Each structure stands twice: as C-alpha cells, then as structure tokens.
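For reference, the structure is listed below as structure tokens.
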Amino acid sequence: QVQLTESGGGSVQAGGSLRLSCAASGFKSSFCMGWFRQTPGKEREGVAVIINSYQSRTNYADSVKGRFTISKANSDNTLYLQMNSLKPEDTGIYYCAAESPPCMPSLTNDRTFRYWGQGTQVTVSS
C-alpha cells in the first residue's frame, strides 16, 4: 500500500526558506513523484515534478523556477522540495503526489497522479 506523508511546512517571512519532505512507502524508486499546492478558492496547481528520478528529469511551474528545487533520495524514496526566496503568493497547502510507472506526470493535470499525501501548510507573510 502506497503511503505518502508530508512534513516541513510552517510559517515564514517573505524572502525566507523552507524545506518540505515527503516520506514515501509501499512503492519502488522508479515511481514518478511531484509537489502540488492549493490555496482557498483556487484549483490545485502543480509546483514541481520528477519525471524520471534516475535521469533526474524535472519540470517546474514558471512561478517557482529558480527558487524551488525538487529532489528525491532513491535510497528511501523521500521526496524533497527546497523553497527559497519565498513570496506571500507561495502560501498554500502543499501536497506530495506519486504514480507508478509507466507514468506521464503533468504539472497541469493532477489526475496523472493516483497517490496523494495529506498535505502540509506553508504560510508566507509579507
């Protein structure tokens, strides 16, 4: 059974940094994984995805390019999201997502992921 558990959220001032973690179990390191976020009144949006962890293929939303970095430890399938230069508009609930291969993860379609964590709140104040 696939289980995803996020941690590392919190409150930070604009310009600060946070590192989110997603502890994953029940699947192999070949799974595609990603981070999405949701704010009240908006649809869930893709933040960053790892298309193939062995080839280190990643994709980022334009709004976070150059500020966020997604990475994965294949030894224990822990997914990370390093968030730097945080802005108030980065505020939201951040979700970890995973899908078994063959997978075609998409930032614009969260239905490309079947497995989801419970989310962790990130609040950035100005």
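FYI, side chains are in, hydrogens and waters are out, and symmetry mates aren't considered; it's all heavy atoms of this structure. Just so you know, these numbers come straight off a predicted model, no measurement behind them.
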Just verifying a value: how many Å separate F113 CZ and M33 CE, rounded to the nearest 0.5 Å? 9.0 Å
What heavy-atom pair brings L20 and M83 nearest, and what distance separates the two atoms? CG-CE, 3.7 Å
Pairwise distance CZ(R114) to SG(C103) - rounded to 0.5 angstrom: 9.5 Å
V64 and Y80: same hydrophobic cluster, using ILVMFWY side-chain contacts below 4.5 Å? no
Run the side-chain donor-acceptor check on residues 40-48: report pairs under 3.5 Å with partners two or more places apart or on a different chain.
unit_1: R44; atom_1: NE; unit_2: D110; atom_2: OD2; d: 3.1
unit_1: R44; atom_1: NH2; unit_2: D110; atom_2: OD2; d: 3.2
unit_1: E45; atom_1: OE2; unit_2: R37; atom_2: NE; d: 2.6
unit_1: E45; atom_1: OE2; unit_2: R37; atom_2: NH2; d: 3.3

If you round to the nearest 0.5 Å, how far is OG1 of T91 from CD of Q121? 7.5 Å
Where the side chain of Y60 meets the backbone of V49, is there a donor-acceptor pair that is under 3.5 Å apart? no
Hey, mind stepping through W35 and F68 against side chain to side chain contact (heavy atoms under 4.5 Å, CB included) and telling me if it holds? CA-CA 11 Å; W35 290 97; F68 291 10; over 6 Å; no
Salt bridge check, D90 against K87: does any charged N sit closer than 4.0 Å to a carboxylate O? no
Distance (rounded to the nearest 0.5 Å) between L18 CG and Y94 OH: 9.0 Å
What pair of heavy atoms forms the shortest contact from P88 to S125, and how long is it? CG-C, 4.5 Å
With the side chain counted from C-beta on, respond yes when N77 and K72 share a heavy-atom pair under 4.5 Å apart, and no when they do not. yes
Main-chain N/O of C22 paired with E6 side-chain donor or acceptor, under 3.5 Å: no
Drop me the distance from C96's SG to I70's CD1, to the nearest 0.5 angstrom. 8.0 Å
Using a 6.0 Å cut-off, check whether atom CD of E89 has over 12 heavy atoms from anything other than its own residue. yes
Could you walk me through whether R19 and L81 pass side chain to side chain contact (heavy atoms under 4.5 Å, CB included), step by step? CA-CA 6 Å; R19 190 191 195 201; L81 185 68; over 6 Å; no
Q82 side chain to T69 backbone, donor-acceptor under 3.5 Å: no
Would you say the ring centroid of F36 lies under 6.0 angstrom from that of W116? yes
Nearest heavy-atom approach of G92 to T39 is CA-CG2, 3.7 Å
How close do N84 and S17 get, counting heavy atoms only, and between which atoms? OD1-OG, 2.9 Å
When rounded to the nearest 0.5 angstrom, what distance separates CZ in R67 from OG in S85? 7.0 Å
From CA spacing to verdict: side chain to side chain contact (heavy atoms under 4.5 Å, CB included), L79, I50: CA-CA 9 Å; L79 185 71; I50 290 182; 3.9 Å; yes
Please list all pairs meeting salt bridge (charged side-chain N to carboxylate O under 4.0 Å, His left out) that have one or both residues in residues 117-126, counting only residues at least two apart or in different chains. none
Does any donor atom in the side chain of R111 or S106 lie under 3.5 Å from an acceptor atom in the other side chain? no
For V12 and T123: C-alpha separation, side-chain torsions, deciding distance, then whether side chain to side chain contact (heavy atoms under 4.5 Å, CB included) applies. CA-CA 6 Å; V12 65; T123 303; over 6 Å; no
T120 side-chain N/O to G9 backbone N/O, donor-acceptor pair under 3.5 Å: yes
